[in-house]
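Take a look at the following structure, please.
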Protein chains: 2
Amino acid sequence: MDLVFKALADESRRLLLDRLRADNGQTLNQLCAGLPGMTRQAVSKHLVILEEANLIAAIKRGREKLHYLNPVPIHEIAERWIGKFERSRLDALSQLKQALERRDE
Amino acid sequence: MDLVFKALADESRRLLLDRLRADNGQTLNQLCAGLPGMTRQAVSKHLVILEEANLIAAIKRGREKLHYLNPVPIHEIAERWIGKFERSRLDALSQLKQALERRDE
DNA sequence: TTGACAGGCAACTAAAAGGTTGCATATTGT
DNA sequence: ACAATATGCAACCTTTTAGTTGCCTGTCAA
């Protein structure tokens, strides 16, 4: 799960995921168009990181490589990790409020 | 939002959030106990990063500083960011499946 | 079959991240 | 008042990360 969080920490990589969500199965060169002012190799490295985090799956078709979004890891983070914070969310909020009010006692 | 993702990218910081979720309003020294083999200053730096991402709020009480979880940013990420991927989740999944099946045509 | 196109690999650089040590400052209990 | 406690600040070091350039390999189409 650490790999997923690390992968999501970069704006360019989140943008790549956005692009794939809008239009799944794109090639490296297509994805490069979404990241102007960055070399193909840089984008390629980002894609490798996303693959290693299992956030995308790549399939070679002839001389090109198609990239597909894998929604599973994001879903797991939502369920397992964010979920537990959501469960105690209102609690934490009221504790924070009370602490802020007690501030100038 | 970038600050939040960056803050969440580190295991130690996620652990600190976990600790606060279990026991809100802890001091720096208390939190240090949860990160053995790391100096107080290192933990302090992590807390600053979490504060800057608005994931926690710190309140000075005398010579100590109490740290409270702020559940809002995590909630926003769940709603605004993860939400949009969840909406196209099953779509992406079936597209991925189909692409994998087409692989050895 | 050869040139153009899609992508991979490796070495290198610059900047950011994570951590440490040492010292300074403020608060509290005796 | 003063020693102990709780935290802050700054300089420094090391590793990781993001990006580049240059070159190599495989595939397709004329």
Side-chain angles (χ1 to χ4, degrees), chain A residues 1-20 23-53 55-68 99 102-105, chain B residues 1-20 23-53 55-68 99 102-105:
Chain A
M1 192 166 73
D2 192 54
L3 283 182
V4 179
F5 274 111
K6 287 241 165 63
L8 294 181
D10 187 90
E11 172 70 40
S12 302
R13 287 193 288 267
R14 293 198 301 274
L15 218 151
L16 285 171
L17 293 180
D18 279 340
R19 291 283 169 157
L20 284 181
D23 191 4
N24 214 354
Q26 295 186 65
T27 69
L28 170 57
N29 273 324
Q30 287 177 306
L31 289 167
C32 280
L35 275 287
M38 187 178 297
T39 59
R40 176 178 55 81
Q41 286 81 352
V43 176
S44 177
K45 279 194 180 180
H46 283 306
L47 289 173
V48 168
I49 291 173
L50 289 170
E51 275 188 68
E52 285 173 347
L55 284 160
I56 64 178
I59 296 172
K60 274 179 74 174
R61 301 277 299 171
R63 68 175 152 183
E64 50 192 22
K65 196 170 172 184
L66 308 180
H67 297 84
Y68 288 88
R102 267 197 308 268
R103 191 163 39 178
D104 10 62
E105 266 175 19
Chain B
M1 193 165 74
D2 191 54
L3 283 181
V4 179
F5 274 110
K6 287 240 163 65
L8 294 181
D10 186 90
E11 172 71 40
S12 304
R13 287 193 288 267
R14 292 198 300 273
L15 218 150
L16 285 171
L17 293 180
D18 279 339
R19 290 285 169 156
L20 285 181
D23 190 3
N24 213 352
Q26 295 185 66
T27 69
L28 169 57
N29 273 324
Q30 286 177 310
L31 289 166
C32 280
L35 275 286
M38 185 177 300
T39 58
R40 177 177 54 82
Q41 286 81 354
V43 176
S44 177
K45 279 194 181 181
H46 283 306
L47 289 174
V48 168
I49 290 173
L50 289 170
E51 277 188 66
E52 285 172 348
L55 283 160
I56 64 178
I59 296 172
K60 274 180 74 174
R61 299 282 296 173
R63 68 177 151 183
E64 50 191 22
K65 197 171 171 183
L66 308 180
H67 298 82
Y68 289 88
R102 267 195 309 268
R103 192 162 41 178
D104 8 64
E105 265 175 20

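In what follows, every chain begins at residue 1, and chains take the letters A, B, ... in the order their sequences are listed. Just the heavy atoms: all of them, side chains too, but no hydrogens, waters or symmetry mates, feed the values below.
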Quick one: side chain to side chain contact (heavy atoms under 4.5 Å, CB included) partners of B/I49, sequence neighbours excluded?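 B/I49 satisfies side chain to side chain contact (heavy atoms under 4.5 Å, CB included) with B/A7, B/R13 once adjacent residues are dropped.
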
Between D/dG26 (C1') and A/R61 (CZ): distance, integer Å: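 Atom-to-atom, A/R61 to D/dG26, this comes out as 17 Å.
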
Side chain to side chain contact (heavy atoms under 4.5 Å, CB included) against A/E52, all qualifying residues, sequence neighbours excluded: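 Once residues adjacent in sequence are excluded, the partners of A/E52 under the side chain to side chain contact (heavy atoms under 4.5 Å, CB included) criterion are A/V48.
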
Tell me every residue that passes salt bridge (charged side-chain N to carboxylate O under 4.0 Å, His left out) with B/D18, counting only those two or more places apart in sequence or in another chain.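 Once residues adjacent in sequence are excluded, the partners of B/D18 under the salt bridge (charged side-chain N to carboxylate O under 4.0 Å, His left out) criterion are A/K84, B/R21.
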
Of all residues at least two apart in sequence or in a different chain, which pass the ring pair (Phe, Tyr, Trp, His ring centres under 6.0 Å) check with B/Y68?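 Checked B/Y68 against ring pair (Phe, Tyr, Trp, His ring centres under 6.0 Å); zero matches.
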
Rounded to whole angstrom units, what separation is found between the CD atom of A/E52 and the C1' atom of D/dT16?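 Rounded to the whole Å, the gap is 14 Å.
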
A/L8 vs A/V4 side-chain heavy atoms within contact, under 4.5 Å: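 When only atoms from C-beta onward are counted, A/V4 and A/L8 do touch, with a gap below 4.5 Å.
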
Check: protein-nucleotides 13-17 of chain C nitrogen or oxygen pairs below 3.5 Å:
none

Terminal axes of the helix from C/dT1-D/dA30 to C/dT30-D/dA1 (five pairs each): angle between them, nearest 10 degrees: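 Answer for the end axes of this duplex: 20°.
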
Please confirm whether the backbone N or O of A/A58 pairs with a side-chain atom of A/H67, one donor and one acceptor, at under 3.5 Å?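 Judged by distance alone, no pair lies under 3.5 Å.
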
With sequence neighbours left out, write down each residue that passes salt bridge (charged side-chain N to carboxylate O under 4.0 Å, His left out) with A/E64, or none if nothing qualifies.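 A/E64: no salt bridge (charged side-chain N to carboxylate O under 4.0 Å, His left out) contacts found.
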
Please list, for nucleotides 6-12 of chain D, all pairs of protein and nucleotide N/O atoms separated by less than 3.5 Å.
| residue | atom | partner | partner atom | Å |
| --- | --- | --- | --- | --- |
| D/dT7 | OP1 | B/L28 | N | 3.3 |
| D/dT7 | OP1 | B/K65 | N | 3.3 |
| D/dT7 | OP2 | B/N29 | N | 3.0 |
| D/dT7 | OP2 | B/N29 | ND2 | 2.9 |
| D/dT7 | O4 | B/R40 | NH2 | 3.4 |
| D/dG8 | OP1 | B/K65 | NZ | 2.8 |
| D/dG8 | N7 | B/R40 | NH1 | 3.4 |
| D/dG8 | O6 | B/R40 | NH2 | 3.2 |

Under the salt bridge (charged side-chain N to carboxylate O under 4.0 Å, His left out) rule, what pairs show up with a residue in residues 1-10 of chain A, not counting sequence neighbours?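 Every salt bridge (charged side-chain N to carboxylate O under 4.0 Å, His left out) pair that includes a residue of residues 1-10 of chain A, provided the two are not neighbours, is A/D2-A/K6, A/D2-B/R14.
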
A/L15 CG - D/dA18 P separation (whole Å):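 Checked: the CG to P distance equals 15 Å.
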
Residues two or more places apart in sequence or in another chain: which of them pass side chain to side chain contact (heavy atoms under 4.5 Å, CB included) with A/R63?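 Counting only residues at least two positions away or on another chain, A/R63 forms no side chain to side chain contact (heavy atoms under 4.5 Å, CB included).
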
Using the test side chain to side chain contact (heavy atoms under 4.5 Å, CB included), find all partners of B/Q41 that sit at least two apart in sequence or belong to another chain.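 Partners of B/Q41 by the side chain to side chain contact (heavy atoms under 4.5 Å, CB included) criterion, ordered by chain and then number, come out as B/T39.
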
